[in-house]
Amino acid sequence: MFELADAPLPGLVASCFALRGGWSFLEECADRSPIAFALLDWAEEQISSFYIQLIRSLAHDPNLIIYHDELGTDLSSYFSERDFRDLILPRMRRILERIRSTTSAPIGVFIRGSALSALSSVAELGVAVLGVDCNARGNTVKVLRNLLGYGVVLHGAADLVALGRALTDGDMRGTAILASEFAEARPAIAAPSAVLTSDADLSAAARGSSFLSVLDPGDLEVLGRIGPERRIIERAMMCFPSGVERAPAHVVALERPRILAPAGALPRHVHMEMAGSSQADVGGKL
């Protein structure tokens with residue numbers, strides 16, 4: 001079982017937004033206000049301390065440690081390149097360094113919003129996985145891979161829920177485009193584009209994941225190199241009758257991840273954020 005350590009707290013920017021309000025905090029960052037520095041320093045210390053406490057409470061290292069933050073809206077970044085470089089990046093670097101001082105587990109950083117100017121800097125912090133917001137402007141697979149190269153695994157570059165819905169609807173064009181986007185993004189982790197908030201979304205995500213499992217490495221190589229190939233898509237779609245919500249039993253299902261955290265540390269709704277998991281083990285039980 002693949003085990004994730006996913007701390008149930010906001011990142012640097014999201015913490016400051018919650019404490020100060022978005023517009024006020026961004027104005028204070030632009031003005032280099034002492035309030036902005038104090039908030040960021042406080043958030044850095046709280047986040048670092050929580051991750052260290054979380055990791056030390058575990059019986060063993062997880063397969064991946066996840067850090068989340070919010071750097072923009074769907075349309076634009078919150079910060080200029082200079083503000084991100086001066087205010088956010090050094091603190092993010094120190095948080096990851098403190099995590100690495102406690103564990104040898106790889107780290108994934110998940111960024112919400114349109115923040116292309118920041119993503120390459122985040123990737124250079126030595127992260128194993130970079131989570132991106134496929135709904136944000138500019139975050140296309142081609143742009144991301146041209147920017148980042150292929151040394152980091154992308155998470156969320158193709159929408160797993162949308163793929164599952166296309167299969168249910170018998171939409172060959174949509175299925176072909178979404179499957180090819182994932183193939184082009186590799187190395188990548190297929191994932192929903194947002195928190196799973198319903199059983200229908202969860203079922204669609206599992207169906208999309210099962211579809212990708214039907215494609216062999218040669219199929220993915222062709223789809224990633226030349227784009228949709230009718231023969232490959234038709235053959236894979238034969239396993240998924242349209243109008244059927246759930247993936248057929250004979251198709252490999254999505255493995256259920258496990259979230260590692262001290263017992264009682266996570267709110268009950270947090271497990272819904274995990275792709276393909278209607279339940280998750282948290283310290284043994286929820």
Exercise for the section: Would you kindly confirm whether Ile52 and Ile66 end up in one hydrophobic cluster when ILVMFWY residues are joined by side chain heavy atoms under 4.5 Å apart? Expected result: no
Heavy atoms of Asn63 and Pro106 approach each other most closely as O-CG, 3.1 Å
Any donor-acceptor pair under 3.5 Å linking the side chain of Ser101 with the backbone of Arg98? yes
Practice task
Please determine, by modelled atom types, if Glu45 and Ser49 share a side-chain donor-acceptor pair under 3.5 angstrom.
Solution key: yes
Exercise. Report yes or no: do Met172 and Leu163 belong to one cluster of Ile/Leu/Val/Met/Phe/Trp/Tyr joined by side chain heavy-atom distances under 4.5 Å?
Key: yes
Looking only at heavy atoms, the pair that brings Leu215 and Ala236 closest together is CD2-CB, 3.7 Å
task = Flag yes if Leu125 and Leu71 sit in one hydrophobic cluster, no otherwise; membership is Ile, Leu, Val, Met, Phe, Trp, Tyr, and two members link when side-chain heavy atoms are under 4.5 Å apart.
result = yes
Q. Are Ile226 and Leu178 joined in one hydrophobic group, where the rule is that I, L, V, M, F, W and Y side chains link up if heavy atoms are under 4.5 Å apart?
A. yes
Next item on the list: Return the orientation label for the Tyr51 and Tyr67 ring planes: parallel under 30°, perpendicular over 60°, tilted otherwise.
Entry: tilted
Would you say Val141 and Phe182 make side-chain contact, with heavy atoms under 4.5 Å?
-> no
CD (Gln46) and CD (Glu44) are apart, to the nearest 0.5 Å, by 11.0 Å
Does the Asn139 side chain pair with the main chain of Asp133, one donor and one acceptor, at a distance under 3.5 Å? yes
Task: Leu75 and Ser114: CA distance, side-chain angles, deciding distance, side-chain contact (heavy atoms from CB on, under 4.5 Å) verdict - done: CA-CA 6 Å; Leu75 299 178; Ser114 179; over 6 Å; no
### Short N-O contact, Arg85 and Glu81, less than 4.0 angstrom
no
What one should report as the nearest heavy-atom pair of Ile65 and Ala105 is CD1-CB, 3.9 Å
Self-check item: Sub-4.5 Å side-chain heavy-atom contact between Leu116 and Leu144
Solution: yes
Notebook entry, point to check: Run the salt bridge (charged side-chain N to carboxylate O under 4.0 Å, His left out) check on Arg165 and Asp171 step by step: do they pass?
Noted result: CA-CA 8 Å; Arg165 288 174 179 160; Asp171 178 2; over 6 Å; no
Q | 4.5 Å side-chain heavy-atom contact, Asp69 and Val109 | A | no
* Is the side chain of Thr168 donor-acceptor paired with the backbone N or O of Gly164 at a distance under 3.5 Å, no angle test? -> yes
Given side chains that start at C-beta, do those of Arg186 and Tyr150 come closer than 4.5 Å, heavy atoms only?
no
| message | Over 60° means perpendicular and under 30° means parallel, so tell me whether His68 and Phe110 are parallel, tilted or perpendicular. | response | perpendicular
Between the CG atom in Leu196 and the OG atom in Ser203, the distance rounded to the nearest 0.5 Å is 11.0 Å
Query raised in the report: Does the separation of the ring centres of Phe17 and Tyr78 fall below 6.0 angstrom?
Result: yes
Between Ala123 and Leu130 the two heavy atoms that sit nearest each other are CB-CD2, 4.3 Å
One should read off an interatomic distance between Phe37 CZ and Glu28 CD, to the nearest 0.5 angstrom, of 11.5 Å
Checking Arg145, Lys142, Arg225 against Glu184 for side chain to side chain donor-acceptor pair (under 3.5 Å), the one that qualifies is Lys142
Check whether any side-chain heavy atom of Ser15 lies under 4.5 Å from a side-chain heavy atom of Leu9, and answer yes or no.
-> no
In short, Arg137 meets Ser76 closest at the heavy-atom pair NH2-CB, 4.5 Å
Task: Min side-chain heavy-atom separation Leu26-Asp83 under 4.5 Å - done: no
Rounding to 0.5 Å, atoms CD1 (Ile107) and CG (Leu96) come to a distance of 5.0 Å
**Contact check, side chains of Arg91 and Asp41, non-hydrogen atoms, under 4.5 Å** = yes
Inset, instruction - With the side chain counted from C-beta on, respond yes when Leu154 and Leu148 share a heavy-atom pair under 4.5 Å apart, and no when they do not. - result: yes
Judged by atom type as modelled, is there a donor-acceptor pair below 3.5 Å linking the side chain of Asp31 to the main-chain atoms of Ser33? no
Item to complete: Determine, stepwise, if the pair Thr175 / Glu234 fulfils side-chain contact (heavy atoms from CB on, under 4.5 Å).
Response: CA-CA 10 Å; Thr175 299; Glu234 284 185 337; over 6 Å; no
Between Ser180 and Gly227, the two heavy atoms sitting closest are OG-C, 3.6 Å
Value for CZ (Arg94) from CD (Glu97), rounded to nearest 0.5 Å, stands at 8.5 Å
**Report entry** Criterion side-chain contact (heavy atoms from CB on, under 4.5 Å) on Ser121 and Phe84, from CA distance to verdict
**Finding:** CA-CA 10 Å; Ser121 295; Phe84 176 77; 4.1 Å; yes
Of Val214, Leu212, Ile232, the one forming a side chain to side chain contact (heavy atoms under 4.5 Å, CB included) with Asp219 is Ile232
Practice prompt. Evaluate the side-chain contact (heavy atoms from CB on, under 4.5 Å) criterion for residues Phe79 and Val13: first the C-alpha distance (whole Å), next the side-chain angles of each, then the deciding distance (0.1 Å), finally the verdict.
Written response: CA-CA 10 Å; Phe79 302 97; Val13 177; 3.7 Å; yes
Between the CG atom in Asp74 and the CG atom in Asn135, the distance rounded to the nearest 0.5 Å is 6.0 Å
